[in-house]
Amino acid sequence: MIEKSIDEEQGNTGQVRAKKPANEKTVFEALGFPENLGYGHRAALRRECCRFLRLSYLIDFLTIKSLGDIYLDTVREVLAILEHLNEEAKQEINVAHDILRKAGTEPILMISLKFNHQLVIPKSHIKEKQSKEFSEKYSLPEDFDLNCHVDILPEESENEAEPISRMPKKYLTIDIPEIVKIWLELIPGRDEFIDLINKSFSEGLISLEHFERWSRHNDLTRYATALEDWDECVGGDWEEPENNYLTPRPYISEQEIYRVQENVLKRIISSAYEKGSEFISSFSPFLLVYYKNMIADYNLLIHPRVDRPVETMLNALKLLEYQKKLFLEKIPETCNYGLLKIDCSSTRKILMPSPVTALKKIEEITTVALKQRVKEARDWITDSRNQLQIKVTIIRLIKK
């Protein structure tokens, strides 16, 4: 198969001699021998030239074999490492700093988790589900839902005798099962990563095609022209080829690993990305909290008819403080998962301020509302005081 590689480059396997120059004496002079060289010495010289030409082909054979083995062994090693890391995949989630791992188990593919929070979630993906009523006694802070547990009482009836009807409240909250698929993606994607690795393989093969040939090289032409027609010559026509560089492609293309490398690589990377998708599904509760905080109407907390306003405000503040702590402790900075190292820092950076931003909104609206109510109270006190200071000028006597 190596001989085939060189033959394909040469394009001719016939026993054709190199063209002799017009002055035969120049052939021996070019080799550093005198013109009056005897027949026996000439025969010995041609025999050594023939051996030297064989050596040039042997060197090319060995070079092509070595270059091909370098490429094939590299591909085998890369695929074996990817396969090993993928099969031994375990999640190592880190929140604060990079994870130290033992040598030989480090992931070798670095990808990023992109948070497309600008995308509007279609209404068809937003589902309603039943939520339990919040109990001051039995519920946890995280059970409070700003979107369904802030109760607004109905307006009072003008007829005081008519009782206010209060129907049992249905606590409906929202759920978005596909929120991870809508908002999160791994960058670069699976197909892009496969293309990048295949491109690296191709570039590696091209880098091996920069070794000059010995056989048919112009520097050895004078040794070929020294031969007679009856001398044994290897390789056929000695004319210099268009390309003076060896290529191991024909030899490599006949090997099994070369024929299956793309399919094996695709299978490994696809499996790794499936594990990566499994990991990012853990972001679903954080994304849902982020979305709920984003659409929550915080003005309802200071609504004039809010039921149990003090308790409701305290429950909202406890919920956001819980979220703040949860995001800080649970949203990962990075995750080593088999052959993948997933960088979540940009997503964490966007999610982290959500509870803090909500707390600031509540602080702003409550500050404005308190100022307004204080002003109203002062105006009422001032008005009441003015009314009490009005002198009574008319006294009506009422006879019994």
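What you are looking at is a predicted structure, and each value in this text was computed from that prediction instead of being measured. Reckoned from all heavy atoms, side chains included, excluding hydrogens, waters and symmetry mates.
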TODO: Salt-bridge test for E48 and R51: reply yes if a basic N is under 4.0 Å from a carboxylate O, no otherwise.
DONE: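 Yes, this pair counts.
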- [ ] Sorted by first residue and then second, give each salt bridge (Lys or Arg N to Asp or Glu O under 4.0 Å) pair with at least one member in residues 67-79; sequence neighbours left out.
- [x]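 Passing the test, one end in residues 67-79: K65-D69, D73-R76.
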TODO: Any salt bridge (Lys or Arg N to Asp or Glu O under 4.0 Å) involving residues 257-273? Give me the pairs, sequence neighbours left out, ordered by first then second residue.
DONE: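 For residues 257-273, and leaving out neighbouring residues, the salt bridge (Lys or Arg N to Asp or Glu O under 4.0 Å) pairs sorted by first residue read E83-R267, E256-R259.
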Under 3.5 Å side-chain donor-acceptor pair for [X] and [Y]:
X	Y	result
K341	N336	yes
D145	S131	no
S354	N293	yes
K132	S139	no
S271	K275	yes

TODO: Applying ring-ring contact (aromatic ring centres under 6.0 Å, His included), name anything that partners F144, two or more places apart in sequence or on another chain.
DONE: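 Per chain and number, F144 pairs via ring-ring contact (aromatic ring centres under 6.0 Å, His included) with F134, H149.
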TODO: For the residue pair F283 and F279, categorise the inter-ring angle as parallel (less than 30°), tilted (30 to 60°) or perpendicular (more than 60°).
DONE: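 Correct class here is perpendicular.
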TODO: Please assess F286 against Y291 for the test ring-ring contact (aromatic ring centres under 6.0 Å, His included), listing each intermediate value before the final yes or no.
DONE: CA-CA 9 Å; F286 305 127; Y291 182 79; over 10 Å; no
- [ ] Output all residues satisfying salt bridge (charged side-chain N to carboxylate O under 4.0 Å, His left out) with E178, sequence neighbours left out; order by chain, then residue number.
- [x]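 Only K181 meet the salt bridge (charged side-chain N to carboxylate O under 4.0 Å, His left out) criterion with E178.
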Task: Any residue meeting salt bridge (charged side-chain N to carboxylate O under 4.0 Å, His left out) with E136, in chain and number order, not counting sequence neighbours - done: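 Scan of E136 (salt bridge (charged side-chain N to carboxylate O under 4.0 Å, His left out), adjacent residues dropped) gives R308.
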Task: Minimum heavy-atom distance L113-T347, with the two atoms named - done: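 For L113 and T347, the tightest heavy-atom pair comes out as O-OG1, 2.9 Å.
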TODO: Specify the closest pair of heavy atoms between C148 and D151, including all atoms of both residues, with the distance to one decimal.
DONE: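 Closest pair (atom of C148, atom of D151, distance): O-OD1, 4.1 Å.
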Task: Nonpolar side-chain network containing I381, other nodes, edges under 4.5 Å - done: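 Once heavy-atom contacts under 4.5 Å are chained together, I381 belongs with W380.
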